[in-house]
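Since this is a predicted model, take the numbers as computed values, not measurements. Throughout, a chain's letter reflects where its sequence line sits, starting with A, and its residues are numbered from 1.
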Amino acid sequence: MEVVRPEFLPDPGRSREEMEALQREIAGVASFADDLGFDPSDAALDATPDEQTGLDAADAPVIVGVDQAFRDDESVSAAVAIRDGAVVESAEGRAPLEIPYIPGLLAFREGGAIVDALESLSVAPDALVLDGSGRIHFRQAGIATHVGVLFDVPAVGVAKNLLCGTPREPLADPLPAGTRVPIDADDSMDAPAGTVVGYAFQSRQYPNPEKRHVNPLYVSSGHRASAETAVDLVAATCAGYKLPEPTRLADAYADELK
DNA sequence: GCGACAG
DNA sequence: ATCTTGTCGC
């Protein structure tokens with residue numbers, strides 16, 4: 001695929017102020033409304049052809065999971081494309097690590113490798129699933145938003161920890177599988193207070209949560225999807241594990257490359 | 001000054 | 001994210 005907004009490429013050499021200004025600009029052109037072009041349920045891994053309503057495996061949407069691993073002074077990005085639960089293509093990208101990890105500026109540290117990987121992908125993704133936040137970000141432009149806007153493709157962010165925002169209800173330790181708790185914007189964010197910027201989503205849970213439990217995922221829209229649809233897509237691509245399959249596969253491939 | 005923060 | 005074995009619970 002190809003970058004369609006090169007002016008938004010994450011340049012690690014910019015000053016912090018310039019990076020933040022770019023993120024506000026990106027948030028301005030990002031869309032947090034549904035514009036997927038497919039039904040999230042059709043992204044289910046077990047989308048077996050159904051004579052009545054199902055679609056052919058060849059017509060199922062292509063979901064691309066993206067994740068990074070680090071080796072010495074370089075970032076290695078892995079992009080794994082899945083269609084109907086099967087891997088149709090894998091790509092890798094690399095870029096030198098030029099800046100340290102700074103909360104809120106993750107895209108400027110890892111974005112280069114991600115762009116490198118996605119540019120070498122020959123299939124056209126119907127949606128991207130990235131590790132990190134989308135709209136759950138101080139300036140509503142997390143790494144999922146940044147990458148989604150760069151390529152103008154639907155994107156969702158899946159994080160294991162909450163960067164900012166406030167769960168509408170306190171997150172009980174063992175949340176039942178399937179639970180969705182809205183994440184409201186707080187004072188640290190640009191979004192108007194009360195805006196639902198994402199969801200805490202319990203993708204799976206152990207049989208006896210009282211003894212051992214799984215923490216929820218923090219899902220947010222990156223681009224061209226609503227917060228609800230972002231969760232629907234993640235829920236459809238989970239296969240019994242905490243992380244959605246596209247992410248798990250990209251994670252494993254990135255480690256393999258490293 | 002203190003707190004708080006994806007990967 | 002990464003450094004790392006066993007161990008607990010399912």
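Under 3.5 Å, the side chains of A:Ser226 and A:Asp34 contain a donor-acceptor pair of N or O atoms. With hydrogens and angles left out, the side-chain atoms of A:Ser122 and A:Glu89 include a donor and acceptor closer than 3.5 Å. Checked by atom type, the side-chain pair A:Glu110/A:Tyr101 shows no donor-acceptor distance below 3.5 Å.
Cation-pi contact between A:Arg14 and A:Phe108: absent, since separation from the ring centre below 6.0 Å together with deviation from the ring axis within 45° is not met.
Two residues are said to be in side-chain contact when any heavy atoms from C-beta on lie closer than 4.5 Å; A:His213 and A:Gln205 meet this criterion.
At the heavy-atom level, A:Ile136 lies nowhere under 4.0 Å from the strands shown. At the heavy-atom level, A:Phe70 lies under 4.0 Å from the strands shown only through sugar-phosphate atoms. Within 4.0 Å of A:Phe138, counting heavy atoms only, lies at least one base atom of the nucleic acid. Residue contacts for A:Leu130: at a heavy-atom cut-off of 4.0 Å it reaches no nucleic acid atom on any strand shown.
In this structure, A:Arg139 does not pair ionically with A:Asp190, as no charged nitrogen and carboxylate oxygen lie closer than 4.0 Å.
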| request: Could you walk me through whether A:Leu243 and A:Asp251 pass the side chain to side chain contact (heavy atoms under 4.5 Å, CB included) test, one step at a time? | output: CA-CA 10 Å; A:Leu243 295 173; A:Asp251 192 71; 5.5 Å; no
| request: Take A:Phe8 and A:Val3 through the test side chain to side chain contact (heavy atoms under 4.5 Å, CB included) and record every step on the way to the result. | output: CA-CA 9 Å; A:Phe8 293 147; A:Val3 168; over 6 Å; no
| task | Would you sort out whether A:Ile102 and A:Arg109 count as a side chain to side chain contact (heavy atoms under 4.5 Å, CB included), showing the intermediate values? | result | CA-CA 8 Å; A:Ile102 300 170; A:Arg109 174 177 164 82; over 6 Å; no
| Could you walk me through whether A:His223 and A:Asp35 pass the side chain to side chain contact (heavy atoms under 4.5 Å, CB included) check? | CA-CA 9 Å; A:His223 184 43; A:Asp35 184 22; over 6 Å; no
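Once you apply a 4.0 Å limit to the heavy atoms of chain A, the touched nucleotides of DNA chain C run 5' to 3' over C:dA1 to C:dC10. Taking a heavy-atom distance under 4.0 Å as the criterion, the stretch of DNA chain B touched by chain A extends 5' to 3' from B:dC5 to B:dG7.
Secondary-structure annotation of DNA chain B gives no stems, with a stem taken as at least 3 successive Watson-Crick or G-U pairs whose two distances both fall under 3.5 Å.
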